[in-house]
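None of these values were measured; they are calculated from a predicted model. So that the names make sense, note that chain A is the first sequence line, chain B the second, and so on, each numbered from 1.
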Protein chains: 2
Amino acid sequence: MIVESTAIPPPGRREMRRASRREAILDVAQRSFLESGYAATTMNAIAAELGGSKGTLWSYFPSKELLFAAVLDRATASFRTQVAVVLNPADPPERAIRGFCRRFVERICRPESIALYRLVIGESQRFPEVGRIFYERAPAITRKIVADYLAGAAERGQLKIEDAMLAAEQLTHMCLAGMHQRFILGLLDKPSAAMIKAEADRAADLFLRAYG
Amino acid sequence: MIVESTAIPPPGRREMRRASRREAILDVAQRSFLESGYAATTMNAIAAELGGSKGTLWSYFPSKELLFAAVLDRATASFRTQVAVVLNPADPPERAIRGFCRRFVERICRPESIALYRLVIGESQRFPEVGRIFYERAPAITRKIVADYLAGAAERGQLKIEDAMLAAEQLTHMCLAGMHQRFILGLLDKPSAAMIKAEADRAADLFLRAYG
DNA sequence: GAAAAATCATACCGTAGAGTACGGTAATGA
DNA sequence: TCATTACCGTACTCTACGGTATGATTTTTC
């Protein structure tokens with residue numbers, strides 16, 4: 001009564017299992033690292049939450065540091081892909097910039113983003129690469145996208161901008177001005193949609209007032 | 001041949017000794033916390049660097065957490081007093097704002113300030129008061145000072161500002177736009193005077209362009 | 001169905017660090 | 001002078017955690 005049903009698995013069934021197990025480990029580890037920081041996260045706790053044994057955990061990630069690096073890598077990758085920013089050159093610049101600000105503020109004020117930022121900053125002293133990797137994969141990429149748009153808008157005569165990179169940096173940081181610092185320091189917990197909109201509009205207003 | 005020279009010490013000589021010892025402990029602890037973070041700082045190392053014994057250290061601060069709190073308190077207090085900002089209402093606003101920006105950027109990009117900010121952010125998850133205390137004693141106070149100046153300038157017709165608190169927040173955060181994040185993440189080490197000036201002027205320019 | 005690989009459960013090792021205990025010694029106060 | 005208080009040095013306890021070892025059990029592959 002043995003049916004050969006599973007059709008696909010010539011490319012290895014072990015590999016599949018292994019990959020999904022790896023993901024499961026990273027899920028648990030990421031949650032713990034983001035929630036408690038590096039030092040307060042214990043391998044024992046991760047193994048316990050996984051249900052498996054310690055030996056298995058170590059067979060996937062031979063040290064806590066390597067596990068941490070893998071978590072960081074995955075987290076920034078997810079950030080990167082989610083910055084599918086909607087800066088449409090066909091829109092009038094007010095609309096495009098306002099839309100970007102809202103999306104950006106919403107993104108960076110999510111609890112996971114805040115936790116990631118905290119984690120990176122907290123560990124960037126002990127692991128200097130952490131800060132560099134994060135910077136290159138999150139803020140630098142966003143800035144580049146915004147700068148490209150702004151340069152185009154300047155060419156089309158829609159905005160008066162000399163240094164697009166500088167302007168992009170100013171715009172993104174304006175989006176951080178109010179709530180973000182308070183989130184980072186733990187004075188606020190959950191952003192409401194109204195707060196996000198207000199924050200984004202304030203940033204866009206100032207920017208457009210200066211460069212419009 | 002014993003001369004009763006020391007004139008003042010009726011208010012206790014033990015207390016003096018004790019106070020200065022306490023300061024010495026805080027000096028060492030602060031350096032270590034700022035340099036290595038909370039977790040990587042050990043009470044043993046502090047005691048060793050002090051030269052004294054562990055028992056003495058514990059007699060001043062009965063736990064690592066309490067020592068940490070005391071360090072934080074002192075560090076933010078020193079920050080607070082150093083924000084003797086020169087926002088002179090008699091100056092023309094361009095001059096006043098430019099001057100403030102330079103001083104402010106210089107202040108927050110100092111290695112000690114960066115280390116403190118990192119420490120606070122890194123631990124504000126585990127010790128939620130840390131973030132709150134820091135916010136109230138450093139960013140909030142600065143913002144208040146700036147807002148008061150801006151409100152005055154608006155009344156005198158020098159600037160077009162509706163919401164002074166908002167504008168103050170935007171101005172101070174503009175000063176953080178470029179270098180500060182890179183310092184925090186460890187991509188830069190020591191700010192040059194030229195970098196500080198350029199950064200401050202960029203922030204002031206944008207602000208004055210929008211509100212001038 | 002049997003060999004091989006992965007996983008499990010659990011006990012263990014080494015280290016490190018927070019906090020304690022204690023006997024001896026120097027400074028302080030009356 | 002004498003009691004007290006603070007300090008020193010050091011050894012110690014206890015706990016936690018990263019990492020290892022091992023033997024049994026399951027799963028995959030052929």
Listing time: all N or O pairs from protein to nucleotides 16-20 of chain D that are below 3.5 Å?
| unit_1 | atom_1 | unit_2 | atom_2 | d |
| --- | --- | --- | --- | --- |
| D/dG18 | OP1 | A/Thr41 | O | 3.4 |
| D/dG18 | OP1 | A/Lys64 | NZ | 3.1 |
| D/dG18 | OP2 | A/Met43 | N | 2.9 |
| D/dG19 | OP2 | A/Lys64 | N | 3.0 |
| D/dG19 | N7 | A/Lys54 | NZ | 2.9 |
| D/dG19 | O6 | A/Lys54 | NZ | 2.4 |

| field | Mutual orientation of the aromatic rings belonging to B/Phe104 and B/Phe100 [parallel < 30°, tilted 30-60°, perpendicular > 60°] | value | parallel
| request: Taking the side chain as every heavy atom from C-beta outward, state whether B/Met43 and B/Leu67 have any pair of such atoms under 4.5 Å apart. | output: yes
| request: Return the set of residues passing side chain to side chain donor-acceptor pair (under 3.5 Å) with A/Asp201 (not counting sequence neighbours), or none when no residue passes. | output: A/Arg102, A/Lys197
| request: In whole angstrom, give the distance that lies between atom CG of A/Leu50 and atom C1' of C/dA6. | output: 15 Å
| Hey, does the side chain of A/Arg18 come within less than 4.0 Å of C/dT7's phosphate (OP1/OP2), counting only N and O? | yes
| remark: The salt bridge (charged side-chain N to carboxylate O under 4.0 Å, His left out) partners of B/Glu23 (sequence neighbours excluded) come to B/Arg74
| said: Going by the rule salt bridge (charged side-chain N to carboxylate O under 4.0 Å, His left out), which residues pair with B/Glu169 if we only count those two or more places apart in sequence or in a different chain? | reply: A/Arg182, B/Arg143
| request: Could you tell me which residues satisfy side chain to side chain donor-acceptor pair (under 3.5 Å) with A/Ser53, sequence neighbours excluded, listed by chain and number? | output: A/Thr56
| request: Under the side chain to side chain donor-acceptor pair (under 3.5 Å) rule, collect the residues that match up with B/Glu49, sequence neighbours excluded. | output: B/Arg31
| said: Taking the axis from the first five pairs and the axis from the last five, what angle separates them in the helix from C/dG1-D/dC30 to C/dA30-D/dT1, rounded to 10 degrees? | reply: 20°
| A/Arg17 side chain, from C-beta outward: closest of D/dT10, D/dT28, C/dC8 | D/dT28
| Reckon A/Tyr60 touches a base, only the sugar-phosphate, or nothing at all at heavy-atom distances under 4.0 Å? | sugar-phosphate
| If you look only at pairs with a residue in residues 171-193 of chain A, which of them pass as a ring-ring contact (aromatic ring centres under 6.0 Å, His included), with sequence neighbours excluded? | A/Tyr117-A/His180
| request: Round to the nearest Å and state the distance from A/Met16 atom CE to D/dT29 atom P. | output: 11 Å
| message | So, OP1 or OP2 of D/dC8: does either fall under 4.0 Å of a side-chain N or O from B/Thr56? | response | yes
| note | Across all chains, not counting sequence neighbours, the salt bridge (charged side-chain N to carboxylate O under 4.0 Å, His left out) partners of B/Asp91 are B/Arg95
| field | Neighbours of DNA chain C within residues 21-37 of chain A, by heavy-atom distance under 4.0 Å | value | A/Arg21
| Atom-to-atom span, CD of B/Glu15 to C1' of D/dT5 - whole angstrom | 11 Å
| field | Contacts of A/Arg118 that satisfy salt bridge (charged side-chain N to carboxylate O under 4.0 Å, His left out) - sequence neighbours left out | value | none
| field | Within residues 19-40 of chain B or reaching into it, pairs that qualify as ring-ring contact (aromatic ring centres under 6.0 Å, His included) - sequence neighbours excluded | value | B/Phe33-B/Tyr38, B/Phe33-B/Phe68, B/Tyr38-B/Phe68, B/Tyr38-B/Phe127
